[in-house]
Amino acid sequence: MPIRVLDTELVNQIAAGEVIERPASVVKELIENSLDAGARKVDIEVEKGGVALCRVRDDGAGIAREELELALARHATSKIRSLDDLEHIVSLGFRGEALPSIASVSRLALTSRTAQGEHGWSVQVRDGETSSPVPAAHAIGTTVEVRDLFFNVPARRKFVRSDPTEFQHILRHVERLSLSRFDIAFELVHNRKRVLSHPAAPERTGQEQRVAEVCGREFLQHALYIEHAAAGVQLRGWIGLPTFARSQPDLQFWCVNGRPVRDRLLANAARVGYRDVLYHGRHPAYVLYLEIDPARVDVNAHPTKQELRFRDGRSVHDFVLRTLMQTLSATRPGAQAIGPAFKSTLLDALVPDSTAGLNEPLVQVGMQLGESAASYEPHPPMATPAGTPAVGNGDFPLGFALGQLHGIYILAQSADGLILVDMHAAHERVTYERLKRLTEGQGAAPQALLVPVTLDVSVSEADCAEEHRDHFARLGFEIDRLGPTQLVVRQVPALLARTDIGALIQDALADLRERGGSLRVEDRGLELMSTLACRSAVRAHRLLTVAEMNALLREMERTDRADQCSHGRPTWMRLTMAELDRLFLRGR
Ligand code: ADP
Ligand code: MG
């Protein structure tokens with residue numbers, strides 16, 4: 001074939017192949033245009049999964065009659081003019097490709113009116129030809145109507161899935177965009193049914209309402225709100241507690257300068273920020289917003305503009321990582337944010353609708369509770385078991401031990417109610433954090449064993465011990481290989497001196513061999529500590545004295561991240577007197 005210049009229609013269709021993958025891409029591009037036009041409200045209506053119709057209407061600035069045709073021309077944009085503008089983009093669009101691309105693979109109508117216009121004007125595109133504008137009734141703003149998507153591109157149509165599937169993609173995009181702009185109202189209608197309706201939410205309460213609708217109320221109930229700024233970068237949003245970790249990375253949302261993105265650098269920073277409190281393939285949940293000087297980030301790295309390139313990626317990465325790590329390390333008993341989350345977990349399980357107001361009549365028992373939890377007054381002092389220090393001040397949020405339940409849970413009385421502690425999980429976290437302090441050079445000196453412990457192991461276990469010699473040494477272990485299948489332990493960290501060292505090392509090696517290989521090098525030291533902490537923590541059914549139990553409670557209060565074990569399970573819960581009263585329908 002001789003060389004030829006492609007005609008415009010074909011060029012547009014090729015571009016459409018890149019940006020318009022499915023109906024959801026159309027919806028996304030149109031909403032982005034509305035946001036760029038300064039809309040306060042965006043209404044989206046789709047039919048049959050968006051293939052039959054995608055219509056987006058906004059109350060933005062509108063397009064003047066003279067520019068309607070231009071808006072549909074390729075590489076025509078009002079958003080940038082020069083390379084300089086490209087360096088600090090603040091709009092969502094800038095390529096001037098979306099409208100002509102969409103028009104080339106559908107039947108498109110564009111109707112718009114500016115503040116200066118007495119009425120609106122409308123144009124249509126058919127087979128690459130834009131009709132001349134005709135007057136149309138329209139409020140200030142723009143409506144773009146896209147019908148019969150891919151009617152002229154059979155190859156694309158084949159990849160379009162069922163209506164419900166395509167609609168799910170659309171919904172996902174609308175949700176992401178609505179999370180990115182709380183100041184804008186969104187409404188989505190599918191097959192004439194309203195599916196989503198978000199009023200503008202300038203305040204945090206409204207924003208949390210929107211987050212709850214998109215991410216689920218559970219998420220918000222188990223999330224901390226963060227806000228932190230340093231060196232011209234601001235991070236804010238909601239981060240799920242480690243106990244709300246998920247098996248899939250399906251609840252992670254990043255928004256940079258108002259643009260929803262999927263960026264690897266940011267995702268990784270968050271992953272590492274959670275590393276210490278999440279284990280074994282669990283994924284954190286979060287909705288996070290980063291504000292940064294637009295000149296420090298390049299959004300022109302990818303046609304769909306979902307990936308970014310930071311000019312100083314390292315410092316952004318560290319900022320995010322450190323902010324998350326510090327927030328999460330404060331999740332210890334008594335740290336305010338945390339108690340209610342666990343509490344509601346337990347209460348929810350016990351009382352089907354514990355979030356409902358207390359003033360709601362409990363119809364089943366024909367009785368009404370009078371007071372709200374907030375107005376609860378402490379009970380008169382109750383009898384406490386002998387030897388239990390008086391409770392009542394807030395210095396000991398976990399209170400004092402009453403006893404042990406089935407060798408698994410510690411029951412304690414605190415100033416405001418009952419504390420339940422998972423003995424093993426709590427001891428594991430406390431030990432883990434102590435081991436970590438050892439590697440940071442802040443723990444007690446290691447203890448030489450009077451009688452070194454000799455161990456018979458497999459060749460691969462012995463290899464593993466040698467390979468991890470440094471990790472062990474940093475914790476205070478001295479382990480040498482005596483022969484192909486024999487190890488000797490000469491020294492151990494003082495805090496593990498009383499455990500069965502032989503069994504502990506054997507367990508640790510087995511775990512390391514099983515999982516260690518799949519971990520990054522920097523995670524292996526943590527994995528070793530996690531294993532040691534788990535294996536040396538008190539087993540279920542061991543009877544503890546009251547003194548031992550109280551010692552554990554005090555240690556938990558001193559320990560960072562003590563609210564969950566290193567596998568992300570909660571270590572304790574609280575039932576306040578008010579909640580117990582409700583459980584027993586004890587009105588006053
Ligand atoms: P881009 O968004 O990259 O500029 P588009 O093809 O999506 O390219 O849009 C082309 C131009 O049409 C925009 O630059 C803008 O001037 C105008 N436009 C598109 N949609 C709207 C809208 N909803 N309101 C106002 N102007 C719009
Ligand atoms: Mg655009």
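Atoms within a ligand are numbered from 1 in the order they appear, just like the ligands themselves.
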Quick one: does G96 get a heavy atom under 4.0 Å from ligand 1?
yes
Does only the side chain of E67 get under 4.0 Å from ligand 1, or the backbone, or both, or neither? Count heavy atoms.
neither
Please confirm if an N, O or S atom belonging to N33, backbone or side chain, lies less than 2.8 Å from the Mg ion (ligand 2).
yes
Which segment of D58 sits under 4.0 Å of ligand 1 when only heavy atoms are counted:
side chain
Does E29 come within less than 4.0 angstrom of ligand 1, counting non-hydrogen atoms of the residue?
no
Any heavy atom of A61 closer to ligand 1 than 4.0 angstrom?
no
Distance only, no hydrogens: is a donor on one side chain within 3.5 Å (strictly under) of an acceptor on the other, for S34 and D58?
yes
Identify, with sequence neighbours excluded, every residue that meets salt bridge (Lys or Arg N to Asp or Glu O under 4.0 Å) alongside D312.
R296
Of all the atoms in ligand 1, which lie at a distance below 4.0 Å from a heavy atom belonging to A37?
24 (N), 25 (C)
Suppose the criterion is ring pair (Phe, Tyr, Trp, His ring centres under 6.0 Å): which pairs have a residue in residues 109-146, not counting sequence neighbours?
H119-W121
Kindly state whether the ring of F219 and the ring of F253 have centres lying under 6.0 angstrom apart.
no
Distance flag, aromatic centroids of F310 and H317, threshold under 6.0 Å:
no
Considering only heavy atoms from C-beta outward, does the side chain of R40 approach that of D183 to under 4.5 Å?
yes
Check ligand 1 against T142 and write out every atom of the ligand that is under 4.0 Å from a heavy-atom position of the residue.
22 (C), 23 (N), 24 (N), 25 (C)
Counting heavy atoms only, which part of P100 comes closer than 4.0 Å to ligand 1: side chain, backbone, both or neither?
side chain
